[in-house]
Amino acid sequence: MRAGLLYAMEKEAAPYLRRHQVQKCARAAGMAFYELSEKQIVCVGGVGKVNAAMAAQLLIDRFQIDLLINAGCAGALTQLPAGTLVLGTDCVQHDVDTTLAGDPPGFVSTVERVCFPCAGQKEAQGFFARQEYPAAAGVIATGDWFGRDYERARAVRDRYGALVCEMEACAAAQVCLRNEIPFQAFKVVTDHLFAENQNEEYRQNFEGALERLSAALYDYLKWMEE
């Protein structure tokens, strides 16, 4: 199995890359691809849904991955403590709205669905529980929006039952669905969308939270390869 890890930002990927010796680095469409071994490649694709979709397709087409994992930071829509790992059970695109055409909120045409399920969630939940990593499992809401609108954040939480909000996961999940490639999403809470000091919270928690996510992913992928 060849796994592709997709991050949005270099600073998200850096803690994981430091745990490995990069064997090869390539660039395509302005994105960096770091080959760690025959079984792992890391891509830093850029922030947002279009970048995530492009990176996912490149990982599938050029690097022949068998599994795509989207990893990175997320803002909590609930009271999950900073540093909590969130294992995606499903992903949704909260900024897709064709309700005037009679569709439900978040409905993605062509694939004709709202929810994009994540693969291997039960196995991942079991692994993290055994390793005593603080983790929660639930819906990840994706949209090209950095959440500062409290009313909108509440609507996303209540409509989809989402635990966290971020900007890449469901776009990559949609690409994987159409290519019949298993998809997983592992996020870590850095801030809370209803906190008045959200930006400060993000800055204070980012480094420690991403180190925790890196350690968890390192152990998880090592376990999967054994």
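If you're wondering where the values come from, they're calculated on a predicted model, not measured in any experiment.
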Checking [X] side chain against [Y] main chain: does a donor-acceptor pair fall under 3.5 Å?
| X | Y | value |
| --- | --- | --- |
| Q184 | C118 | no |
| Q204 | Y202 | no |
| Y160 | G106 | yes |
| D97 | T99 | yes |

Between [atom1] on residue [X] and [atom2] on residue [Y], distance to nearest 0.5 Å:
| X | Y | atom1 | atom2 | answer |
| --- | --- | --- | --- | --- |
| T98 | L100 | OG1 | CG | 8.5 Å |
| T190 | N205 | OG1 | CG | 7.0 Å |
| I60 | R178 | CD1 | CZ | 11.5 Å |
| K122 | Q125 | NZ | CD | 8.5 Å |
| T84 | L163 | OG1 | CG | 10.0 Å |

Close aromatic pair by centroid cut-off 6.0 Å: F63 and F33: yes
Quick check: closest heavy atoms across [X] and [Y], and the distance to 0.1 Å?
| X | Y | value |
| --- | --- | --- |
| P104 | V114 | CG-CG2, 4.1 Å |
| V189 | A76 | CG1-CB, 3.8 Å |
| F206 | C73 | CE1-SG, 3.9 Å |
| A74 | E166 | CB-CB, 4.1 Å |
| A71 | L217 | CB-CD1, 3.6 Å |
| V139 | T89 | N-OG1, 3.7 Å |

How about [atom1] on [X], more than 12 heavy atoms from neighbouring residues, nucleotides or ligands closer than 6.0 Å, or not?
| X | atom1 | value |
| --- | --- | --- |
| R2 | CZ | yes |
| E112 | CD | yes |
| Q23 | CD | yes |

Is any side-chain heavy atom of [X] less than 4.5 Å from a side-chain heavy atom of [Y]?
| X | Y | answer |
| --- | --- | --- |
| L210 | V188 | yes |
| Y220 | E123 | no |
| V111 | F116 | yes |
| Q174 | V108 | yes |
| L177 | F183 | no |
| L36 | Q21 | no |
| M1 | K39 | no |
| K187 | I140 | yes |

side-chain contact (heavy atoms from CB on, under 4.5 Å) between H94 and R152, intermediate numbers included: CA-CA 10 Å; H94 69 79; R152 183 173 177 180; 3.6 Å; yes
ILVMFWY network linking [X] to [Y], side-chain heavy atoms under 4.5 angstrom:
| X | Y | value |
| --- | --- | --- |
| M31 | I181 | yes |
| L17 | M9 | yes |
| V22 | I69 | yes |
| L5 | M167 | yes |
| I65 | L58 | yes |

H192 vs E201, side chain to side chain donor-acceptor pair (under 3.5 Å): CA-CA, chis, key distance, verdict: CA-CA 8 Å; H192 296 80; E201 201 181 22; 2.8 Å; yes
Steps toward side chain to side chain donor-acceptor pair (under 3.5 Å) verdict (R157, T78): CA-CA 8 Å; R157 179 194 63 195; T78 62; over 6 Å; no
Short N-O contact, R18 and E211, less than 4.0 angstrom: yes
Test log, rule side chain to side chain donor-acceptor pair (under 3.5 Å), inputs Q40 and Y16: CA-CA 12 Å; Q40 284 190 45; Y16 191 78; 2.5 Å; yes
Tabulate below the donor-acceptor pairs under 3.5 Å that side-chain atoms of residues 41-55 make, not counting sequence neighbours, or state none.
| from | atom 1 | to | atom 2 | distance (Å) |
| --- | --- | --- | --- | --- |
| K49 | NZ | Q93 | OE1 | 2.8 |
| K49 | NZ | D95 | OD1 | 2.8 |
| N51 | ND2 | V47 | O | 2.8 |

side-chain contact (heavy atoms from CB on, under 4.5 Å) evaluation trace for L193 with D149: CA-CA 8 Å; L193 273 73; D149 181 333; over 6 Å; no
Derivation and outcome, side-chain contact (heavy atoms from CB on, under 4.5 Å), residues V92 and T142: CA-CA 6 Å; V92 298; T142 299; over 6 Å; no
Kindly list each side-chain donor-acceptor pair under 3.5 angstrom involving residues 127-134, sequence neighbours excluded, with atom names and distances?
| from | atom 1 | to | atom 2 | distance (Å) |
| --- | --- | --- | --- | --- |
| R130 | NH1 | G126 | O | 3.4 |
| Y133 | OH | A215 | O | 3.4 |
| Y133 | OH | D219 | OD2 | 2.5 |

Chi angles and distances behind the side chain to side chain donor-acceptor pair (under 3.5 Å) call for Q198, D191: CA-CA 6 Å; Q198 182 187 2; D191 54 280; 2.9 Å; yes
Aromatic Y34 / basic K24 pairing, under 6.0 angstrom, 45° off normal: no
From CA spacing to verdict: side-chain contact (heavy atoms from CB on, under 4.5 Å), F186, L213: CA-CA 8 Å; F186 298 106; L213 175 62; 4.1 Å; yes
